[in-house]
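The structure appears below as structure tokens.
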Amino acid sequence: MKIGELSKLSQISIRMLRYYEEAGLLAPKRSVSGYRQFEIADIERVKLIHKLNSAGLTLKVIRKILPCWQHQNKKFSPCKEFKNGLSDTLLKLDEQIELLQQSRSHLISLLNEN
DNA sequence: TTTCTTACA
DNA sequence: TGTAAGAA
């Protein structure tokens, strides 16, 4: 199917689908005219990519753990990349939480000064 | 009409 | 991410 159809079926903009390809998360074949040729399985694939990205995973991390996705059972097989990818994301998340807590503290003290 | 690339906001 | 331009 062409990019327009995948976009409608997956609810993901054409812009992002091209972006995902650029990030190495998608590898559609090209027709003679240069049009991207996606597969049925790509519908679920891009939806998953979007969910993971929304969950805070970078496209770089997703690229590592995507190969662990099993279309058959719709689950992740605990391969090496999967563990490393998630633990790495978890550390970054903790880092961000720490920074946000600091901002929170600063705002609170600022509010109590007067 | 749809898609492609590149580039700007 | 959205949108625009120019070409196929």
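Chain naming here is simple, since letters A, B, ... match the order of the sequence lines and numbering starts at 1 in each.
- Between the side chain of A:Ser105 and the main chain of A:Gln101, a donor-acceptor pair closer than 3.5 Å is present.
- Under the 3.5 Å distance criterion, the side-chain polar atoms of A:Asp88 are left unmatched by any main-chain donor or acceptor of A:Gly85.
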Donor-acceptor contacts under 3.5 Å from residues 14-30 of chain A side chains, at least two apart:
from    : atom 1 : to      : atom 2 : distance (Å)
A:Glu21 : OE1    : A:Arg36 : NH1    : 2.4
A:Arg30 : NH1    : A:Gly34 : O      : 2.8

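- Of the two residues near DNA chain B, A:Arg15 and A:Arg18, the one whose nearest nucleotide lies more 5' is A:Arg18.
- A:Met1 places a side-chain heavy atom less than 4.5 Å from the side chain of A:Leu9.
- Tested against A:Gln102 for a side-chain hydrogen bond (donor to acceptor under 3.5 Å, both in side chains), the candidates A:Arg104, A:Glu98, A:His106 yield a single pass: A:Glu98.
- Listed by residue number, A:Gly34, A:Tyr35, A:Arg36 are the residues of residues 31-52 of chain A with a heavy-atom contact under 4.0 Å to DNA chain B.
- Side-chain contact between A:Trp69 and A:Ile49 is absent, with no heavy atoms from C-beta onward closer than 4.5 Å.
- In this structure, CD1 of A:Ile12 is placed 9 Å from P of C:dT1, rounded to the nearest angstrom.
- Within the 4.5 Å cutoff, the side chain of A:Arg45 has heavy atoms near those of the A:Asp42 side chain.
- At a threshold of 4.5 Å between non-hydrogen side-chain atoms, the residues A:Ile97 and A:Leu100 do not count as touching.
- Of all nucleotides in DNA chain B, those with any atom nearer than 4.0 Å to a heavy atom of chain A start and finish, going 5' to 3', at B:dT2 to B:dT5.
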